[in-house]
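Notes for the one structure printed next.
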Amino acid sequence: MRIRAAATPLFTPRTVKRAQARERRKALAQTRRQARSAAEEARRAQHPVPGDDDALLGTGPVYPSGGRPGPAAARGGKVKLPAHRVTTAVAAGAYPFLAEGGLGAQGLLIGQDVHAEAAFCFDPFELYGRLAGFTNPNLLLAGVIGMGKSALAKSIALRATCFGYRVYVPCDPKGEWSNVTLQLGGSVIALGPGLPGRLNPLDAPPRPPGVSAAAWAGEVRKRRLLLLSSLTRTVLGRPLTPMEHTALDVALDAAVNWAAGQNTVPLLPHVARILNHPDVLTKISGEVAGRLGDAVFDVAHALRRLVSGDLAGMFDAPSTTAFDPRVPVLSIDLSRLNGTGDDTALVLAMTCASAWMEAALSDPGGGRRFVIYDEAWRVMRHQGLLERMQAQWKLSRGLGIANLLVIHRLSDLLSAGDAGSRSRALAEGLLSDCSTRIIYRQEHDQLAATGALLGLTGVEMRAVADLPRGRGLWKIADRSFVAHHQLHPAELAMFDTDARLAEN
């Protein structure tokens, strides 16, 4: 009887009516569900899941490890939605809370990312090799007067010293960096008429480890010749002839040999003295074709300006200070040369100061350093300085240098020379070798040139035209940010360049 009762629902004779058959099928399904539920409860009783109160109490739905059964269970990532294409304007309204991910928290705190409303940090050394398209640590900073670009440059310098970076300012034409340098424990070298400071641009930098004495002597000689050529070309306002190059070569070798015999360092007056004696120059030139002494009168008078002219007393004696690469900040104050209206004296002084500062920049073991060219628009019209800057830009990665070029507007790069000239190509090359471009507000008549040089979009150009003070567009590789620079009250007092305008 017991077996017949269990088997009755499983057998449906054909003579059974449809309603009875339907009821028996429902009974069969219910029996199967009860059997599965009983088996699952037995399994859960033997292996309870921690934290599963329903499982421990034996109530609530329980699904197998593979997930809920059925075609709409969304197991194994099988849910596929059709592609949805919208414009950027619609996407901005549909997803209003999405923002740029930022650059991370590594590096110097600059201020606030305006769009993401988060902290904006930047460090060119940390981004190199980590950010796609970031090929070099050099920076360009452009903005009209009064928008805060000088405060940003000084803030980067101050905060970089907190990370152990060193800062060099090879040219301070307005003397604004002296206070910052002294408060940071750095050194200021003030050059100008009547000042005691002296720099010998022919000083030999210390030989790096691993370089032979002969190889280093050849490198020092090449640097000295490049310096002499730049000085004379700047004063003459034209390229040097082949015989003038040879004369500088011969005169420099003679001056170095004489200084070595006297156990002293070669100076510019030694080279100028040999150039001013044509017979001596021709005699020591040996088998060089032609009389060098008759072809170098212009070169001799050009160097005389540094020895006996308006720049006398600055570069014609041994250096009064030794270059200390351990100081956090080093700036060269050339504000005494800023009142004549002629940039030639400033360019000559900067050329000599840059050659003297290369003693530290050429040291690969000198650590990470920032080299800041403030008011660079004044010196970008001189080819000699552009060539020295280009060499420094190209070697920035190997030497661990981040060059910061500070100008007013992007059209300053176009004023370096005529279209197709070498000076113009050098200036545009500096822009190409800057992976970071920081653009503060530009005048409306400069937007076209700015957009063309930087490849700005229409949205970015409109943003640049309306940026308030302290806010700039940061173009870092292929990414764009609008960051607001924030200053501590102590920094604001230290960097204030409008103090004289606020005086009663």
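With respect to the salt-bridge test (charged N to carboxylate O, under 4.0 angstrom), the residues E428 and R424 qualify.
The minimum heavy-atom distance linking P328 with G185 is given by the pair CD-O, 3.6 Å. Between Y128 and T135, the shortest heavy-atom contact is CE1-O, 3.2 Å. The shortest heavy-atom contact between W393 and Y373 is CZ3-CE1, 3.8 Å.
Put simply, the side chain of K149 reaches to within 4.5 Å of the side chain of H408, judged on heavy atoms. Put simply, the side chain of F125 reaches to within 4.5 Å of the side chain of Y165, judged on heavy atoms. When side chains are defined from C-beta on, M494 counts as touching Q183, because their heavy atoms get closer than 4.5 Å. You'll find the side chain of I189 reaches within 4.5 Å of the side chain of L330, heavy atoms only. Side chains of L454 and K475 form no contact here, defined as non-hydrogen atoms less than 4.5 Å apart. At least one side-chain heavy atom of L467 sits less than 4.5 Å from a side-chain heavy atom of V482. Counting heavy atoms from C-beta outward, L430 and L386 have side chains that approach closer than 4.5 Å.
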Any chance you could lay out the salt bridge (charged side-chain N to carboxylate O under 4.0 Å, His left out) test for R36 and E40, step after step, and finish with the verdict?
-> CA-CA 6 Å; R36 286 197 300 267; E40 183 63 25; over 6 Å; no
Give the C-alpha distance, both sets of side-chain angles, the deciding distance and a yes or no for side chain to side chain contact (heavy atoms under 4.5 Å, CB included) between I407 and L140.
-> CA-CA 8 Å; I407 57 178; L140 171 73; 3.9 Å; yes
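Applying the ring pair (Phe, Tyr, Trp, His ring centres under 6.0 Å) test to every pair with at least one member in residues 438-461, sequence neighbours left out, gives no pairs at all.
Note that CD of Q112 is 8.0 Å distant from NE2 of H484, once rounded to the nearest 0.5 Å.
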